[in-house]
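Notes follow the structure.
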Amino acid sequence: MSTQAAQTAHDAHTHTHTVKRYRGLLDWLTTVDHKKIGILYMIAGLFFFVVGGLEAILIRIQLLKPMNDFVSADTYNELLTMHGTTMIFFAAMPLLFALMNAVIPLQIGARDVAFPFLNSLGFWTFFAGGVLMNIGWFNGTVPDSGWTAYAPLSGPTFNGTHGMDYYVIGLQIAGIGTLLGGINFMATIINMRAPGMSFMRMPIFTWSIFITSVLIVFAFPVLTVGLVALMFDRLFQANFFEPGTGGNTVLWEHIFWIFGHPEVYILIMPAFGVISEVVSTFSRKRLFGYSSMVFALVLIAFLSFMVWAHHMFATGLGPVANALFSIGTMLIAVPTGVKIFNWLFTLWGGSIRFTTAMLFAVGFIPTFVMGGVTGVMLASAPADYQYHDTYFVVAHFHYVIVGGMVLGIFAGLHYWWPKMFGRMLNEGLGKLTFWTFFLGFHLTFFVQHFLGLLGMPRRVWTYLPNQGLDTMNVISSIGAFLMGFGMIVFVVNIIITWIRPRNAAADAWEDGRSMEWSIPSPPPEYNFKQTPLVRSYDAWWKEKMDGKTEMTPAEPVGPIHMPSPSILPLLMSVGLFIAGFGFMYDHLVLSIGGLAITFACMLLRSVFDDRGFHIDPEEEVHA
Amino acid sequence: MKRILPLLTGLALLLSGCGRADLSVLNPQGPVAQKQYDLIKISISIMALVVVVVFAICIYVLIRYRRRPGDKTIPKQVEGNHTLEIIWTVVPLLLLLILGVPTIQTVFGLAKDYSHDKNAIHVKVTSRLYWWEFEYTDYGITTAQQLVVPSNKKIAFELASGDVKHSFWIPSIGGKLDTNPGLTNRMYLEFPKEGIYRGKCAELCGPSHALMDFKAQSVSPASFDRWVAAMKAPAVMPADAHIAETFRSKCLSCHAIGDQGTNGAPNLTGVGGRETVGSILYNDVSPGAAEDNFRKWITDPQKVKPGTTMPSAADNQLTPDEINGLAKYLAGYKLNY
Amino acid sequence: MSAHQHAEGQLPHEPEKATLEGRNKVLGFWIFLGAETVLFGTLFSAFIALRHQVLDGPTAQHLFELPMVFASTMILLTSSLMSVFAVQAMHNNKVKAMIGWLLITILLGLAFLGLEITEFNTYVKEGHTLKTSAFSSSFYTLVGFHGAHVAFGVLWIGLLIAQILKKGLTVVTAPKIYLSAIYWHFIDVVWVFIFTVVYLMGKVG
């Protein structure tokens, strides 16, 4: 925030606005505070993570032995579809948004995000979409065409029930929230950095979220169009993907993967950022090759839009396309390799402390390398004709998504937990979580590479005995149970920590480097009493090395302007939720009524200016 | 675990000759699968090297630079190192070059079009929920579920779908290619070693996706000619007049046999000689299994393959005697080739 | 946030960028338009991929009447110019002139919508509905999405005029006017592409 803005805030204080502030549940439903929204994202994300995890466990029980009939073939397809969709859109994405919200404004020395109201709207639309998609479980029509929803299996001709409608509409509503989040964080990072924080002084996690946001902004609208087209096919008999009436099923594959490949990098980029922060902090050492790390992020993001057709090598695009996309895909290995070695050389010569967060981070490095190298193997198109749609691919993407992103999220949650809640997670339980989850993960997915090579296609409900697949499937299932156990330990850890009193210091790990560690844990509502002045990369570390105990302020202490809480985002999402059902069940009143609620809220938001309120930090301290 | 993993990778390479010869990618039985396997080997070797280097550095630094209790020293804050950074940019590029060149060669090599080659056998594959139809356009014959090919020729496939997307895959003979509704894909395969190979559907296509197998049988050229002749010969109908009539009215309304019936469902010519019933019930598990399998399949196909369009015996109003008669007839209907 | 204490005439030259909130809005809106560009880009790609799949339905050559579409184009281009004048008036702090230009903008927008509805009506009568073919589905989705954007813009600018009348031009309302103008230009640019890709290329074949 500039001094000019601070001045305006000060001017405004001459008029006192009384704003209703809520307590308890209503406080959470109306909050526009990025820290609280981060916590909401985390709770919702963990909830869906558990749901998706249970679906995975059911899948692994079904595959425990050949020709098992623990679940029916129909149910199995529903489980695999909901597992994939839930994990990617409703567990992974919100957990990333949780970390983004909890950390980014603090890292850049801001008092909030650029658009607090939109931030809240983003959360509630995501949540409405997630709930809507899962409601299918309760009335027996569940999406069942895989998370990729390939047409025409997902179209009206071959999928006459409402199952895929839940997918199409649920993702559409959730997608609005994600897009708003992307725009918000891009604007926040560009406009809201504290004085002195140039782009090349930004913490690497902030950089990774900036790049992630750019990817979200340019990838999600593609999915929106794909979903609109599929929705028109399903609900209004349009012909986008219906081969019988001139539609083109390969068009869906292109649209889906032009979105889908950047989406994979949307998931992994923030993990790159988390790992960089954690490795650097717990090695007590500056991140090795900061500028090449930034450049690698930008390059990976750029390439991610150029390689979508490597998901379609077996579609039959022809040798020229396959050759080009093979080479393009292989190139991504280079910037990714740069990151890996930079992490290793950050550790090199450091003073490494093995906290739970650090265990997850150092577990991430070799695991992600394994996922990365199988990625290069998959990039070789002729070899991919063999790997494609087998368990080899399942193993590969779980190595990058679970072994990469989920380990990254666990590292981030353990690392920033004290900042978010003011309480340190129990280290003993944390380490138990790490070892069970990590070992379980490798048990589950390492053997799956070989299952694929031995001829087991993916998305199979069952398999015949005596094909050399039995033992490895048992191992894989045991691993899955172990991961489930690790997750239970994590939840227990959260509960135990929750009931204990606050115990976290401002610089909770003592070796903090970026500015979030310069303010109390948890931070006050306004984050920074005075906007800090950033004097170097690793701003807080620099101040500590200079013998300071707090950041150099960039402004005098004064009243701080805060945005008002609002119930409108929640109501708008409820409106979309109702309209979604109206569309699905062809109920005009519901559709129009739902949309009317949403538009009425937009109208209210536009007509009534949010004047906000002011907090005087000095008074707060005395009170 | 970190120490074990590279060992496992090495072990995997040693094991790579293993897996069923009729199913495993790692046990290629034809030149197409062999080329793909060669690429897999190159890439695994390069990647194992990368993994070993990373693991070695990782383990070294984690042990060497762990913090001793009470250590308050601050390590030297290094910004980076240009030489090192150039090395780990250039070396991967070189490694990728080693993989990239054969990749491109193989992409174009495997994309050769034999659809107009007179020496090749032309087979039009149509995938349907949940079975495979093979039409030999040179010979005017159609079979289902079990592809029969001569061992001495290239087989030029034309891949189409009658409904949703499926993917045509015979792991030990060659990689897969999707069957897209509304579009035709082409690929070729070679089956130099006689034997029966397992084929799979590799694209999610509905509840019975997992059960949508097929077989590819490679036979000697002379045997193939005999098979073609037997396929073209007039159909052998059930000896029992009542069963024959039942078969004609209940089965041939969808299925075909020899020159009779329609090709809306799998062609049944010589069905008793196939490896399986319904592509998933194996006939070689015990003597007389074929007849049991047919009985099981005709009685309640949904139980074997959920979502199949084949009606059950109850829907077809078949009596137990008729089911037995049909099963016996079909199990005994074999072609000599 | 301090908007209301500036008396009329004391607004800075670019009132839309006077506050951090205003600057955030302008930046955020540009990013949003980036996303919109991708959205329309994808719709265009789908249309180009499917435009020859007419089945038994009428073809583009048969349907499109260029004079009418050309008139629509001119109307929308003119309305875009009007919104430029509105922003200029805002920068000169001439509130009444600004409202006048905005009114002309939305009137032209309404005229455009009227023509589009007439056009769609004719097509439907000729047997060209959303369900007819892949061409018709992608046509209505692309052009309809644009039409919905125009309709939203008309409602939005209408609402803003009402707000200006009530609250006056302040550093809170100024960014909204500015954004609506950018939005209107964007819609105009999209239409130029629709005119070229859908109508001209459709006529040429």
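- Taking 4.5 Å as the limit, some side-chain heavy atom of A/V228 sits within range of a side-chain heavy atom of C/F145.
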- Message: Show, in sequence, the C-alpha distance, side-chain angles and deciding distance for A/F240 and C/S138, and conclude whether the side-chain contact (heavy atoms from CB on, under 4.5 Å) test is met.
- Response: CA-CA 7 Å; A/F240 283 97; C/S138 56; 3.7 Å; yes
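- Side chain of C/Q163 to backbone of A/S606: a donor-acceptor contact under 3.5 angstrom is found.
- Heavy atoms of other residues, nucleotides or ligands lying less than 6.0 angstrom from CG of C/N121 number more than 12.
- Of the atoms belonging to C/A49, it is side-chain heavy atoms, and not backbone ones, that fall under 4.5 Å from chain A.
- Using a 4.5 Å cut-off between heavy atoms, C/F29 makes no contact with chain A at all.
- The shortest non-hydrogen separation linking C/L39 to A/V225 is O-CG2, 3.4 Å.
- Heavy atoms of C/L50 lying under 4.5 Å from chain A belong exclusively to its side chain.
- Here the side chains of C/E36 and A/P221 are not in contact, with every heavy-atom distance at 4.5 Å or above.
- Looking at A/F241, there are no atoms closer than 4.5 Å to chain C (heavy atoms on both sides), in backbone or side chain.
- Within a 6.0 Å radius of CD in C/E126, more than 12 heavy atoms belonging to other residues, nucleotides or ligands are found.
- The side-chain heavy atoms of C/Q53 and A/T245, taken from C-beta on, include no pair separated by under 4.5 Å.
- In terms of non-hydrogen atom pairs under 4.5 Å with chain A, the most contact-rich of C/S136, C/S133, C/A162, C/G41 is C/S133.
- Proximity to chain C (any heavy atom under 4.5 Å) is restricted, for A/F599, to the side chain, taken from C-beta onward.
- One distance of note links CG of C/L155 with CE of A/M602; it measures 10.0 Å at 0.5 Å rounding.
- Chain C forms more heavy-atom pairs under 4.5 Å with one residue of A/F220, A/F232, A/F115 than with any other, namely A/F115.
- Judged by distance alone, with hydrogens and angles left aside, the side-chain atoms of A/N239 form a donor-acceptor pair with the main-chain N or O of C/K131 at under 3.5 Å.
- Residues A/H561 and C/E21 form a side-chain contact, since some pair of their non-hydrogen atoms from C-beta on lies under 4.5 Å apart.
- Under the 4.5 Å side-chain criterion, counting only non-hydrogen atoms from C-beta, A/V607 is not in contact with C/K166.
- The 12-atom threshold is not exceeded at CH2 of C/W30, counting heavy atoms of other residues, nucleotides or ligands nearer than 6.0 Å.
- Heavy atoms of A/F218 lying under 4.5 Å from chain C belong to its backbone as well as its side chain.
- Tested against A/F236 for a side chain to side chain contact (heavy atoms under 4.5 Å, CB included), the candidates C/L130, C/T141, C/T129 yield a single pass: C/L130.
- The one candidate from A/N184, A/I183, A/L179, A/V214 that meets the side chain to side chain contact (heavy atoms under 4.5 Å, CB included) condition with C/I31 is A/I183.
- Remark: C/L20 CG to A/N191 CG distance equals 6.5 Å, nearest 0.5 Å.
- Counting heavy-atom neighbours within 6.0 Å of A/F199 CZ, excluding the residue itself, gives a total above 12.
- In this structure, A/G247 and C/A134 approach most closely via the heavy-atom pair N-CB, 3.8 Å.
- The part of C/F152 that comes within reach of chain A is its side chain, from C-beta onward, which places non-hydrogen atoms under 4.5 angstrom from that chain.
- Note that the OG atom of C/S45 and the CG atom of A/L251 stand 8.5 Å from one another [nearest 0.5 Å].
- For a residue to count as touching a neighbouring chain, one of its non-hydrogen atoms must lie under 4.5 Å from one of that chain's; by this rule C/T132 touches chain A with the backbone only.
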